[in-house]
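Notes to accompany the following structure.
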Amino acid sequence: MLTEPRAGRLAAWGNALIAGMVSPDDAAVAIVGDDAVHRVEGLPGEAGPVGLTLALGRLRALGARGLRVALPAPGHPLGLSGPPEFNARALEAEEAVICHGAALGLVPVVYEAGPEGDVHVEVVWHCLAVREAPPADVPSLGEAERELAEALRDATEVLTRLDVAGSGPVAEAALAAYRARAERGREVLAPGYPSRAVRVLEMAQRVGMLISLAYENGHGGAVSAAEMAARGETLRPVERTARRAQVAAYNSVVEERERGVR
């Protein structure tokens, strides 16, 4: 969760484009980010893969009024609505984008080539049919913010008890990288998102960073198998809460538009 999901970038900047707040070229550049290129395959009316600019325009023409994010995990189909084929592909990728107003969804497949430090990344978004139904288990922004406040306390308590927060230079480097990324990523939600969504996403990413530290930087104070298992049991619901909050933040523009807030 330290890294921004590609589905989040696509939905955020795609929503800004649909709202007329950014140009197609600017949206495409923001979505691609540090990757080399993104293409969309299986788009209705297209015989082969097409670029993002054409794909986003075609989705609008097909009726898409907004883009939602799904971040599913085993046993938790977060943001999905079916059918099973699409859900399975999204679960394998651990992310997807679902069009609101058009029964279509996009699942990324990432291809990497090249040596470490000079990796060339290409992303192909596969366009598939989806079921038009409410997305699974997505909270409101208000619910997500309240849940995150509790989750952040839980994660901090667990890390302190396990001595992960003070686990040395690796943890310090991860914290520094997170802070630097947070400064660079303040425009990640794209123009048009409410300030509360930005706040919720930043908090969700912070919780995700703490969870990553707990899992990736050694065992800390959890030296026995039983203690390691207990740590996992404690952190899994915290991670689930952070993923739900991320989806709520990315989807907030569509939800507000549907309620007539914007």
Side-chain angles (χ1 to χ4, degrees), residues 1 3-18 27-28 30-113 119-138 188-190 208 239-240 242-244 246-251 253-254:
M1 191 153 324
T3 57
E4 175 193 1
R6 289 181 172 89
R9 288 205 308 267
L10 176 55
W13 289 91
N15 283 328
L17 174 62
I18 290 171
I31 293 166
V32 171
D34 293 332
D35 298 333
V37 65
H38 284 216
R39 296 185 180 88
V40 179
E41 187 172 272
L43 197 64
E46 295 295 334
V50 299
L52 277 175
T53 302
L54 190 156
L56 290 169
R58 179 59 54 82
L59 289 173
R60 291 179 68 183
L62 290 168
R65 301 191 300 273
L67 302 176
R68 289 188 172 110
V69 170
L71 297 178
H76 189 204
L78 175 61
L80 297 176
S81 58
E85 178 189 356
F86 181 83
N87 286 4
R89 297 278 291 269
L91 180 58
E92 182 179 359
E94 299 183 340
E95 60 179 314
V97 171
I98 298 170
C99 298
H100 175 63
L104 297 169
L106 303 167
V107 179
V109 176
V110 180
Y111 301 92
E112 297 183 351
V119 178
H120 179 89
V121 178
E122 295 188 7
V123 180
V124 177
W125 294 89
H126 292 266
C127 186
L128 303 165
V130 299
R131 182 181 298 138
E132 293 189 273
D137 199 35
V138 179
V188 69
L189 274 178
E239 188 273 340
R240 184 186 182 108
R243 282 191 299 108
R244 291 180 78 233
Q246 276 193 303
V247 172
Y250 285 122
N251 294 1
V253 163
V254 176

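Keep in mind it's a predicted model, so treat the numbers as computed, not measured. Any value given below was found using the heavy atoms of this structure, including those in side chains, with hydrogens, waters and symmetry copies removed.
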Side chain of [X], backbone of [Y]: donor and acceptor closer than 3.5 Å?
X	Y	value
R244	D137	yes
N251	R68	no
E95	P108	no

What distance do [X] atom [atom1] and [Y] atom [atom2] have between them, rounded to the nearest 0.5 Å?
X	Y	atom1	atom2	result
L128	L43	CG	CG	11.0 Å
L78	E94	CG	CD	12.0 Å
R60	L17	CZ	CG	5.5 Å
Y111	R39	OH	CZ	11.0 Å
L71	L91	CG	CG	11.5 Å
R58	E46	CZ	CD	4.5 Å

Within 6.0 angstrom of [X] [atom1], more than 12 heavy atoms from elsewhere:
X	atom1	answer
E85	CD	no
E122	CD	yes
E41	CD	yes

Note, [X] side chain near [Y] side chain (heavy atom, < 4.5 Å):
X	Y	value
I31	L56	yes
L59	V40	no
Q246	V69	no
D35	R9	yes
L62	C99	no

For [X] and [Y], work out which heavy atoms get closest and say how close.
X	Y	value
F86	V97	CZ-O, 4.2 Å
P77	A136	O-CB, 3.4 Å
A70	I98	CB-CD1, 4.4 Å
A12	A190	O-CB, 3.5 Å
R131	S81	O-OG, 2.8 Å
A249	L189	O-CD2, 4.4 Å

Quiz item: Going through the checks in order, is the side-chain contact (heavy atoms from CB on, under 4.5 Å) test met by R6 and W125?
Solution: CA-CA 10 Å; R6 289 181 172 89; W125 294 89; 4.0 Å; yes
Quiz item: For V130 and L80, what are the C-alpha separation, side-chain angles and deciding distance, and is it a side-chain contact (heavy atoms from CB on, under 4.5 Å)?
Solution: CA-CA 9 Å; V130 299; L80 297 176; over 6 Å; no
